Structures are given as C-alpha cells and as structure tokens.
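Accompanying notes for the structure given below.
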Amino acid sequence: MIRTRFAPSPTGYLHIGGVRTALFNWLLARQSGGQFILRIDDTDADRNVEAALQPILNGFRWLGMDWDEGPEVGGPHEPYFQSQRGELYRDAIAKLLASGHAYHDFAKPDELQTLRDAARDSGAAFVYDRRWMAEDDAMSEKYKAEGREGVVRLKMPREGQCVINDLIRGEVVVEWASEQDHVIARGDGSPLYHLASVVDDHTLAITHVVRAAEHLPNTPRQIFIAQSLGYALPEYAHLPYVAEPGGTAKLSKRKLDKYLKNRDFAVLMQRGQQIAANCGLTTNDDTFNPVLVDFYREIGFLPDALLNYLMLLGWSLDGEHEKFTRDEMIKLFTLARVTKSPASFDPAKLMSFQADAFAALSNEDRTARVLPFAIGAGWTDPANPESQQRLADVVAAAGDRLKMAGDIIDYDYCFVDDYEINAKAYEKRITKSAGAIELLGKVRDRLAACTDFSAAALETTVNDFCQTEGIGLGDIIHALRVATTGAAGGFGMFETLAILGQQRTVARIDKTLS
RNA sequence: GGUCCCUUCGUCUAGCGGUCUAGGACACUGCCCUUUCACGGCGGCAACACGGGUUCGAGUCCCGUAGGGAUCACCA
C-alpha cells in the first residue's frame, strides 16, 4: 500500500514546481490504489493559516488532485496540521533527549555565527564542537542562570557514512561528519521542520517521500532522526527541481521581473494581463504570476493541459508519446523514468498543450468555459438566451483560434461597438488601398439590400458582387474585414458578418466610410 | 568556501556498448493549403561539455577537468 504526501506550508499560493511534485505523489498513490495525503507544515506559526491555506486547496481542487486525508476531509491520523500535533513532537524530542541522540545547547546565535564564519574562512566544513552543550540538568541551570536560552540539537554521528537509497538517484553517500547538529526544538520548546516532518511521515505511515531535490541535503539528518526514534525508513525519491525559463536556476516566484525578459514568458504574462483587464478579473498582483497555478486558472487554462505539461517536466514515457489523458497519466507514471537533471519551465510548450487540449473540446464545452469571461467582460448576459447563443456562435466560428477561454477577448467586435481598430491594417487595407473606399461603398449597398444574412447567403452575395465588379474576392474582403471588425485577421469573413448581423455590418461600414 | 547533485538540439526529452550519418515534441523557419488569422500537410535549422582510459567498437562503462545547480537558519 503506497501512501504519499504533499506537505505545503501555508504561504497563500501554489507554485508550479510544487504542483509538479504534488502531481507525482498523487499519481503514485492513485495508480496503486494507495492514499495521497495533504499535510500542512505550519510549525512556523503563521497567524492566518486558514486564509493562506485556501488558495492552495483551491489550486488542488481546480487541478482535480483530490487528497484522501488532510484539511477539510480529515482522516484516521488527524489532525493534519503540524501546529496541532505538538504533543507528538514533544514526545519525540523527549525520547531523543533521553536516548542521547539530542542534547540541550546554550550557544547564542552570534557565538555560533562566529564559529561558522571562522570555519568558512579556513575552508573547512563547520562542525560544532558542542562547547555550549549541557551535559546534565545542573549545567543547564548554570547556563540559564547566565541568561542563556537553550535549544535542543541533534547529536549527530561524527564518523561513518549515511547512505541514502534514492529511488531516482541511486545511492547517495554522505559523511556523517559533514552534518550539523541541527536544532530540532526552539528555545521555547516548539519543534522545527526536520523533527516534525520525520515524526509525521512516520505517524502518518507515509511509504514514499517524494519531494524536490533541494531536500536531498536534508535527508541524512532526517534519516538520523528516524533511526534514532526507531522508525522504519520510508522510500526516498528526490525529484529534479523545475528550473526557470531558459535557465538552470530553480524557478522562483520572486524572480518575475527576470523571467519577463524571456520572450515566451512575457507573451504569456501579457496575454494574462489583457484577459484580466478585459474580463474584469479581480487579480491579486501577488499571485497573478505564471510561476503560480492561480494564474492559469484565472485566464482559463485547462487543468489537464497544465498537468500533462508538468508531468513531462522531468519524466517521459518513451520520448515519443507526450499527450496523455488523466487516466493515462495515472496508469503510465513511474518513478523509474524520472530524470535526474533539472527541467526548465517552457511557457511556449505549455501553451501548445493548452491549445491542443482546448481545441479537442466540443463547442459546448468550450462555450461553457468561455462563458464566465464573456460575462466578466459584460458581453454576455447569462439571463438572456439570445446573448448566450451569440457567444456560442462566436465560439463555434472561432474554432481552434481560441486557445484558452480568455482568448474570447480577441473577438470583442462581435459583441460591442467600441472595439479597437488595428491602425496598421486600416491603413494598408483602406487608406492606402486604391479603390477600397469606392468598393466598400458599393458592397455596403449590396449588403444593405440583402434579405438573407446567413453566412452562406453572404458568400453568394459577395462573390456575385465581385463578379459584376470584375474583381477578386481578395480585393474587397480585407477592406470589408477591417471596416467591420477593425481587425487584420479572424475567423471566416462571412461567419463574422452573419454574427454581426445586417444592421451592425452596414452601420460599421458607414462609419468607416465617413 | 564545505557538502551533495546534475551535464544529448534554444527548451523538454529518447538513447540503458554495435540497429546513432543520434529519434520525437515545443519553439524558430521554408513551401503547400487558404479571402485573413488559426489549424493542418510536407520539408529545414539544430545536440552527445572537454580530456583521458576500458573495449574490436562509447552518447551509452570508469576516472579526471570544466561548467551549472542545490544546500549549508531557533524557514519549510
């Protein structure tokens, strides 16, 4: 029975890299009929855990990654918040102290820092000489009398090696002597991450600890804690981290400005901003960031497309197949095929997955996904069937030009009259196009006289018009498009006019002419 | 600086000693389709970090060098 976990601290957002880690954990649990547990690592006493947690849970819900145990769903090992599991940690700390695997230490932070600096200057690894270690209670009292505050440190081995059997990296060997006597409890007795994490992984019966490679250096000390407590070790698998676009450094929420220099990343961001601005999205500046999952949900991405792309960041099936349904993802994933080197986040490739997945949806599905955006933009009235039909018509006509739900903003001219006019196109097809004005006037009269304004009838009408004028379709259609939509491109001209309707079409041509 | 990890096209990757004149995908690009845009079809550009070994034979195994990265908290 495989039990995996994802243990976020409540930060208020879900990082793309974090999701990739969570995905692999989730996949592992789902494919084996095991459990995926969400545990909240809030030992750092966040004042507003609830508010900072919701965006994370929302992210999981949106992505369709359900958790078998954790916040809101509970489970047999409740509670799932580290802040509420203090007793477990206190017991473990006491046990470690009693067995001599940990000790009270009374060094002051600056004293320690001096030692660390000295070690670094001399080029050697820092190893604390335990000079402020309290051998017994009497010594503790003496230090306390001096006004010192005690923490609990691990009494790490000073010889031998720690061998980590990593499911992805194989054997990783570290000299125990290069490890620190890490602090596991603060001066006030509250537990720190390593201790809490190990105790929880054990008490929650986690079988596979699958996490980002940045945790690899943490593993020896965690193994030490686990072994000292008599726990059986879980399997470890350290994933390569997700790197920044076009780079090799870890992807970080805070480096947005830097990533914006990457063309593809900037394109994605700009698109998001346009959609947000047009559709009245109330975006949070702090989380409206392509490094975070929120961003994709807000601008109308498909969760499966995001997941499919993310799955390929550090994993491959065979180098040939890349598109997977959710069921296939669950069935095909294996830790054995996870790569060792960092995978850089490529917004352009993500986009292509999204575009494909969106194009594969039925018109109905796409319309449903676009609806909130059209409503937000004030283009569609959900209470008005006619208005909804118009949206459905636009979505159907746009076809695969719509790559994500928010792309509906490109067809503003189908809904309102104050659309933007592409100046370049206007100049090329109307101002500087010989005879364009005259032809537009003529075709305007033809269109005004139409009794059937369906796309098919319009095609006949305009073709007929071209014949009498002795011109090609291309000689009029561009001017017509710019005159009626202000755009240089778009879906079929006749579908466009049909959607616009006779009145609007003629009025827009008149406006252009004047 | 210490420790650990990593290294195939711009990017994600396939490759587990010979089938590699290195395959696929995204991006870029040429042509075709086409009223535009998008899609699609057919092409193109483009990589084994370097140096030593081992071997009849190395992208694939070993060692070294270089480069990149992660991590060194009373954060998680």
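Worth saying up front: this structure is predicted, and the values here are computed from it rather than measured. Numbers restart at 1 for each chain; the letters A, B, ... are given by sequence-line order, proteins then strands.
The existence of a salt bridge linking A/E111 and A/R148 is confirmed by a sub-4.0 Å separation between a basic side-chain nitrogen and an acidic carboxylate oxygen. Taking a cutoff of 4.0 Å between a charged side-chain nitrogen and a carboxylate oxygen, A/K258 and A/E244 qualify as a salt bridge. Between A/D200 and A/R85 a salt bridge is recorded (basic side-chain N to carboxylate O distance below 4.0 Å). The existence of a salt bridge linking A/R446 and A/D464 is confirmed by a sub-4.0 Å separation between a basic side-chain nitrogen and an acidic carboxylate oxygen.
Between A/Y411 and A/F491, a ring centre-to-centre spacing shorter than 6.0 Å is recorded.
For B/rU71, the OP1/OP2 oxygens have no side-chain nitrogen or oxygen of A/R221 closer than 4.0 Å. Contact annotation: A/T43 does not reach the phosphate of B/rC75 (side-chain N/O to OP1 or OP2, under 4.0 Å). Within the 4.0 Å cut-off from OP1 or OP2 of B/rU71, at least one side-chain nitrogen or oxygen of A/K250 is found. Remark: A/S344 is not in phosphate contact with B/rU11, judged by side-chain N or O atoms under 4.0 Å from OP1 or OP2. Dashed line: the shortest gap from a side-chain N or O of A/R116 to OP1 or OP2 of B/rA73 is under 4.0 Å.
Ring geometry for A/F106 against A/Y143 counts as parallel: the plane angle stays under 30°, on a 0 to 90° scale with 60° as the upper cut.
In this entry the distance linking CZ of A/R366 with P of B/rC39 reads 14 Å, nearest Å. We find that CD of A/Q113 is positioned 13 Å from C1' of B/rC74, with the value rounded to whole Å. One interatomic measurement links the two molecules: CZ of A/F494 to C1' of B/rC37, which rounds to 15 Å at whole-angstrom precision. Protein atom CD of A/E495 is 13 Å distant from nucleotide atom C1' of B/rA38, rounded to whole Å. Taking atom CG on A/D407 and atom C1' on B/rA38, their separation rounds to 11 Å, with Å as the unit. Taking atom OH on A/Y411 and atom P on B/rU36, their separation rounds to 15 Å, with Å as the unit. Between the CD1 atom of A/I164 and the P atom of B/rU71 there is a distance of 15 Å, rounded to whole Å.
A/E235 and A/H208 share no side-chain donor-acceptor pair at under 3.5 Å. For A/H238 and A/R211, the side-chain atoms include at least one donor-acceptor pair closer than 3.5 Å. Counting only N and O atoms by type, the side chains of A/Q113 and A/D117 include a donor and acceptor under 3.5 Å apart. With hydrogens and angles left out, the side-chain atoms of A/D42 and A/S83 include a donor and acceptor closer than 3.5 Å.
Taking atom C1' in both B/rC45 and B/rU7, one finds a spacing of 24 Å when rounded to whole Å. The P atoms of B/rC39 and B/rA27 are separated by 8 Å, rounded to the nearest whole Å. For the C1' atom pair drawn from B/rC61 and B/rG24, the interatomic distance equals 26 Å after rounding to whole Å. Comparing B/rG52 with B/rU11, their P atoms are spaced 26 Å from each other, to the whole Å. On the P atoms, B/rG64 is 42 Å away from B/rC28, given to the nearest whole Å. Nucleotides B/rC48 and B/rA22, compared at atom C1', are 8 Å apart to the nearest Å. Taking the C1' atom of each, B/rC32 and B/rG15 are spaced 34 Å apart, rounded to whole Å. Across the C1' atoms, B/rG68 and B/rU36 are found 46 Å apart, a figure rounded to whole Å.
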- Task: For nucleotides 23-30 of chain B, just jot down a letter per nucleotide in 5' to 3' order: B, S or -, based on protein non-hydrogen atoms under 4.0 Å.
- Result: BBBSSS--
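Residue contacts for A/V173: at a heavy-atom cut-off of 4.0 Å it reaches the sugar-phosphate backbone alone, with no base atom in range. Among the protein residues, A/D188 comes within range of no part of the nucleic acid, since none of its heavy atoms lies under 4.0 Å from any strand. Note on A/R337: only backbone sugar-phosphate atoms sit closer than 4.0 angstrom, heavy atoms only; bases stay farther off. Residue contacts for A/H182: at a heavy-atom cut-off of 4.0 Å it reaches no nucleic acid atom on any strand shown.
Pair assignment for B/rC9: none, as no Watson-Crick or G-U wobble contacts are both less than 3.5 Å. B/rG43 is paired with B/rU29 under the Watson-Crick or G-U wobble criterion, all donor-acceptor distances under 3.5 Å. Of the nucleotides present, none pairs with B/rG59 by Watson-Crick or G-U wobble criteria with both distances under 3.5 Å. The pairing partner recorded for B/rU36 is none, the criterion being a Watson-Crick or G-U wobble arrangement whose two distances lie under 3.5 angstrom. Across every strand in view, B/rU54 sits unpaired, with no contact that passes the Watson-Crick or G-U test at under 3.5 angstrom. Base pairing annotation: B/rC4 forms a Watson-Crick or G-U wobble pair with B/rG69, both donor-acceptor distances under 3.5 Å.
The A/H478 side chain lies nearest to B/rU35 when the options are B/rU35, B/rC6, B/rA70. Nearest nucleotide to the A/K340 side chain, out of B/rC74, B/rC6, B/rU71: B/rC6. Side-chain atoms of A/L216 lie closest to B/rC4 of the nucleotides B/rC4, B/rG15, B/rU35. For A/M493, the listed nucleotide lying nearest its side chain is B/rU35; candidates were B/rU35, B/rU11, B/rC74. You'll find that the side chain of A/R401 is closest to B/rA38, out of B/rA38, B/rC72, B/rC74. Which of B/rC72, B/rU3, B/rC74 sits closest to the side chain of A/Q180 comes down to B/rC72. Among the nucleotides B/rC72, B/rC39, B/rC12, the one closest to the side chain of A/R120 is B/rC72. Counting only heavy atoms from C-beta on, A/E149 has its side chain closest to B/rC74 among B/rA76, B/rG2, B/rC74. Distances were taken from every side-chain heavy atom of A/T248 (C-beta onward) to each of B/rA76, B/rU7, B/rG68; the shortest belongs to B/rG68. Of the candidate nucleotides B/rC12, B/rC39, B/rU35, B/rU35 has the atom lying nearest to any side-chain atom of A/R481.
Both A/E175 and A/R429 sit near RNA chain B, but only A/E175 has its closest nucleotide nearer the 5' end. In this structure, A/V174 and A/P8 both approach RNA chain B, and ranking their closest nucleotides by distance from the 5' end singles out A/V174.
In this model, no side-chain donor or acceptor of A/R169 finds a partner on the base of B/rC5 within 3.5 Å.
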Donor-acceptor contacts, no H, no angles, side chain residues 342-356 of chain A, under 3.5 Å, sequence neighbours left out:
| from | atom 1 | to | atom 2 | distance (Å) |
| --- | --- | --- | --- | --- |
| A/D346 | OD1 | A/A348 | N | 3.0 |
| A/D346 | OD1 | A/K349 | N | 3.4 |
| A/K349 | NZ | A/E322 | OE1 | 3.3 |
| A/K349 | NZ | A/E322 | OE2 | 3.0 |
| A/S352 | OG | A/K349 | O | 3.3 |
| A/Q354 | OE1 | A/L302 | N | 2.8 |
| A/Q354 | NE2 | A/K403 | O | 2.9 |
| A/D356 | OD2 | A/K323 | NZ | 2.5 |

